[in-house]
Amino acid sequence: MLNRRNFLSAAVGVAAVGALSACAKKDDSPAASTGADGKKAIVLGFSQVGSESGWRSANTDSVKASAKTAGVNLKFSDAQQKQENQISAIRSYITQKVDVIAFSPVVVTGWDAVLKEAKAAKIPVVLTDRSVETSDESLYVTLVGSDFTVEGERAAVLLEKVLATAGHKGAVKIAQLEGTTGAAPAIERAKGFKKVMDEKHAADWKIVASQTGDFTRAGGKQVMAAFLQAHPDINVVFAHNDDMAIGAIQSIEAAGKKPGKDILIVSIDGVKDGFVAMSEGKINAIAECNPLLGDQLMEVVKKVHAGETVERWIKTKEGDFTMDQAKAALPTRKY
Ligand code: AHR
């Protein structure tokens, strides 16, 4: 898989960007429309993963609102968590001759063919939120999104704090609720968490169960119910997103246990419902993953369209939160 750290260190303009962008400034695009200022509005084809989580809804709202504010003509499609739908959407954007294509890839592999078609059509591609694995890095211009490996590391560090606060002694038996199989955040969050675990806690932390809940509440609930049957001694949940943590809470309560006390929970995202659960004492800590990528995306789309050089990976700023901070932070949460 493409190492995100490596391409960050090469975060300089890519020659291909200029080539793609210059060619993308075409005036004969049938998809082009005129903005309020009389200038031709940039046409952006955007393929979203789906609507699997609170994070995703906030991300979609952000992209739509920012496109409106920026005067970008947005063509939006929801892939319903299916790669084939995203590939069809991208092909349709190529046929429509949009100026720029952006997408948040449901999984990391399997994109080369369609990205080559976009390149052949001289349409630059911007990745948002998630990365892809590709044999040719010139197939996309940049990634606007989080460092998921670091998020996994931050979640492990938060768990250290949570265990200390709870005065936990003895073995730490962790159930991991993974995101969508093959998706960058699932792969990289697991990797980051394991790195900290292996380096610092090999003797006392163990992942006793790990399975995908597909980033959904229903998935988290179902997988956690099965985990509790097979491993009644689980004392920690690491959920790759808040929605799965919230689903897990339902199963933990149904099993007669107290989430946040009998079973400590650390998750990733920081959506409003996650903060509500944290303020109720049911989630112990959250590593934030910021979904409000719309403004950064529109800025990049404009630059790419204008033939300007952009960084290879444009990261988002994120914070960490523990239960004691939840009540105070809740009213100021934007998503
Ligand atoms: O790619 C970001 C992840 O996708 C979010 O953490 C999760 O909630 C979403 O479905």
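Atoms within each ligand, like the ligands themselves, are counted from 1 in listed order. The structure presented is a predicted model; accordingly, all values stated were derived computationally and were not measured.
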E84 atom CD, neighbour heavy-atom count above 12 within 6.0 Å: yes
Aromatic contact, W55 with Y335 (centres under 6.0 Å): no
Side chains of D129 and S104, donor plus acceptor under 3.5 Å: yes
Review item, side-chain donor-acceptor pairs of residues 267-277, under 3.5 Å, at least two apart:
{"unit_1": "S267", "atom_1": "OG", "unit_2": "D242", "atom_2": "OD1", "d": "2.6"}
{"unit_1": "K272", "atom_1": "NZ", "unit_2": "R333", "atom_2": "O", "d": "3.2"}
{"unit_1": "D273", "atom_1": "OD2", "unit_2": "R217", "atom_2": "NH2", "d": "2.8"}

Contact residues of ligand 1, where a non-hydrogen atom lies under 4.0 Å away: E52, S53, W55, R56, D129, R130, F148, P185, R189, F215, N241, D269
Salt bridge (charged side-chain N to carboxylate O under 4.0 Å, His left out): pairs with one or both residues in residues 246-262, sequence neighbours excluded: E253-K282
Pairing residues for T180 by the side-chain hydrogen bond (donor to acceptor under 3.5 Å, both in side chains) criterion, not counting sequence neighbours: D214
